[in-house]
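Below: one structure, written as C-alpha cells.
In this chain, residues are counted from 1 in sequence order. Both ligands and their constituent atoms are indexed starting at 1 by order of listing.
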Amino acid sequence: RAKSKPAKHCCQYEPDMDEGVRKSRGLQADILEAVKEEQFQLVYQVQCAVADGKPVGYEALLRWMHPVHGLVTPDRFIDAAEQNGLIIPLGEWVMRRACKDAASWPKPYKVAVNISPVQLVQMDLPKIITEALLEAGLPASRLEIEITETAIISDKMRALTNLRRIKSLGVSVSMDDFGTGYSSLDTLNSFEFDKIKIDRSFLMDSATNPNSQVIIRAVVALGQSLGLPVLAEGVETEEQLQLLRSMNCDEAQGYYFGKPGPYLVDDGGDNALEFVS
Ligand code: C2E
Ligand code: MG
Ligand code: MG
Ligand code: MG
C-alpha cells in the first residue's frame with residue numbers, strides 16, 4: 001500500500017504544480033546558460049569598524065545580469081540554484097572570483113564570501129577553497145566565509161567536519177543572519193564561529209521596537225562573553241550607528257556606509273577603495 005501511494009499521487013493532475021515545474025525548469029536552464037555565458041557578477045559591500053567607521057572588509061554579493069530581465073538579485077535565484085544543485089558550480093565560481101578580486105585590492109582588506117548549505121556539506125569544499133586561495137595568491141587569513149545559521153542544521157556532522165578543515169587553513173567563519181533561525185544558540189554552541197552577524201531585521205526595527213534594541217544589546221554582550229566580534233547588518237542611519245556605538249558593537253555593514261557595488265579600485269584616499277561601474 002505504501003508503494004502504490006506515490007504512483008497514484010503522480011498520476012493526479014495538478015495544474016498549479018505543473019506550472020511550478022515548468023517555471024523552475026526555465027530558471028534551471030537559464031542558470032546553466034548564465035554560468036556558461038558569464039552573466040554572473042560579484043558586487044562588494046563594505047564592512048566597517050563601529051568605533052571609527054574605517055573599512056575592515058568587503059562582502060561579496062552575487063548578481064545576475066540577465067539578458068532579458070536585467071539585474072536579478074540573489075533572493076530570486078539562490079533557492080532554485082540550491083534545489084537543482086547548480087549552486088555548487090556557481091558557488092565555486094564565486095569563491096574563485098572573490099579571492100582573485102581581493103588579491104588585487106591595494107590594501108589587505110578581508111573578503112567575506114557567502115556559502116550555501118548545499119556547498120557546506122560537499123566533501124570537496126575545503127579543497128575548492130584551498131585551490132581558490134592558491135590560484136589567487138590570497139592569504140587564507142584574508143578570507144572569511146559567511147554561513148546562515150539555518151544552513152547548518154541539515155547535515156551537522158558533515159558541516160562540522162568541513163568547517164574544522166576550512167578553519168585549519170586559516171580561513172575565518174562568520175555566522176550570518178544571527179537570530180533568524182530556530183536554533184541560533186545551539187548552532188553557536190556547536191560550531192566554532194569567529195564572528196556573529198546580527199540579522200538586519202533587528203536594526204530595521206530598533207527605532208520603533210524597544211525589544212529589538214534589547215536583543216541587539218544582548219547579542220553584543222553574548223559576543224563579548226564568548227570573545228567573538230559582533231557585526232550589525234543593515235545600518236542605514238546615523239542614529240542606528242550611534243546606537244551600536246553606545247552598545248560597543250564591533251562592526252557594521254549597511255547602506256549608511258555603502259551599497260554593494262562592482263569593481264574595487266584604489267582611489268588613493270583614506271578609505272583607499274572606491275567603486276566604479
Ligand atoms: P546576506 O549575506 O545577509 O547579505 C546582506 C544582504 O543585505 C544583501 O542583499 C545586501 O545588499 C543587503 N543589505 C546590506 N545593507 C543593507 C541595508 O542597509 N539595507 C537593506 N535594506 N539591505 C541591505 P543581497 O545582495 O540581495 O543578498 C541577499 C542574500 O543572498 C544574502 O544575504 C546571502 O544570503 C545571499 N547571497 C548573496 N550572494 C551570495 C553568494 O555568492 N552565494 C550564496 N550562497 N548566497 C549569496
Ligand atoms: Mg552574508
Ligand atoms: Mg546577513
Ligand atoms: Mg541573508
Side-chain angles (χ1 to χ4, degrees), residues 31 34-35 39-48 55 57-65 71-102 110-122 125 128-129 132 143-152 154 159 172-181 184 187 193-207 216 219 230-241 243-244 251-262 275:
I31 293 174
V35 174
Q39 292 168 5
F40 288 103
Q41 190 191 327
L42 290 183
V43 290
Y44 292 92
Q45 186 177 35
V46 70
Q47 301 178 327
C48 296
Y58 288 82
E59 178 175 5
L61 295 160
L62 193 54
R63 295 291 180 266
W64 183 358
M65 310 304 291
L71 193 142
V72 186
T73 51
D75 51 294
R76 302 275 308 280
F77 63 86
I78 292 278
D79 276 1
E82 283 174 342
Q83 275 159 34
N84 61 32
L86 287 172
I87 192 68
I88 295 167
L90 189 54
E92 185 171 342
W93 177 84
V94 169
M95 183 56 69
R96 287 174 188 275
R97 181 76 262 159
C99 288
K100 273 187 208 145
D101 285 351
K110 283 190 137 193
V111 64
V113 177
N114 291 284
I115 297 284
S116 152
V118 178
Q119 291 172 274
L120 194 62
V121 294
Q122 301 300 309
L125 183 66
I128 285 165
I129 294 176
L143 177 65
E144 206 166 83
I145 60 170
E146 295 192 0
I147 294 159
T148 303
E149 53 167 306
T150 48
I152 295 155
S154 68
S172 51
V173 182
S174 303
M175 185 175 195
D176 207 350
D177 302 343
F178 183 80
T180 57
S184 304
T187 309
F193 288 101
D194 300 291
K195 188 186 285 182
I196 299 170
K197 296 187 74 177
I198 309 178
D199 191 71
R200 73 163 189 266
S201 56
F202 297 102
L203 209 59
M204 296 286 162
D205 249 20
S206 62
I216 297 168
V219 175
V230 174
L231 180 150
E233 300 189 275
V235 180
E236 294 187 354
T237 67
E238 176 70 35
E239 289 69 35
Q240 290 171 335
L241 179 61
L243 179 75
L244 295 171
E251 293 173 10
Q253 179 179 351
Y255 296 166
Y256 178 80
F257 294 104
K259 289 196 171 180
F275 302 104

Report the part of [X] (side chain from C-beta onward, or backbone N, CA, C, O) that has a heavy atom under 4.0 Å from ligand 1; answer both or neither where that applies.
X      : answer
Val235 : backbone
Asn114 : both
Ile78  : side chain
Arg63  : side chain
Asp177 : side chain
Ser116 : both
Gln253 : neither

Task: Residues Lys197, Glu59: salt bridge by 4.0 Å N-O rule - done: yes

Task: Contact flag Asp199/the Mg ion (ligand 3), N/O/S atoms, threshold under 2.8 Å - done: no

Task: 2.8 Å cut-off met by an N, O or S atom of Glu146 to the Mg ion (ligand 3) - done: no

TODO: Only heavy atoms count here, so choose which of Gln45, Glu233, Arg97, Arg200 is nearest to atom 6 (C) of ligand 1.
DONE: Arg200

- [ ] Would you check whether Pro74 has a nitrogen or oxygen atom less than 3.5 angstrom from a nitrogen or oxygen atom of ligand 1?
- [x] no

- [ ] Among Glu233, Gln253, Glu251, Lys110, find the one that has a side-chain hydrogen bond (donor to acceptor under 3.5 Å, both in side chains) with Gln47.
- [x] Gln253

Open item on the list: Nearest N/O/S atom of Asp176 with respect to the Mg ion (ligand 2), by atom name, please.
Closed with: OD2

Open item on the list: With rounding to 10 degrees, what does the angle Glu59:OE2 / the Mg ion (ligand 2) / Asn114:OD1 come to?
Closed with: 90°

- [ ] Would you please indicate if the ring centroids of Phe178 and Phe193 are separated by under 6.0 Å?
- [x] no

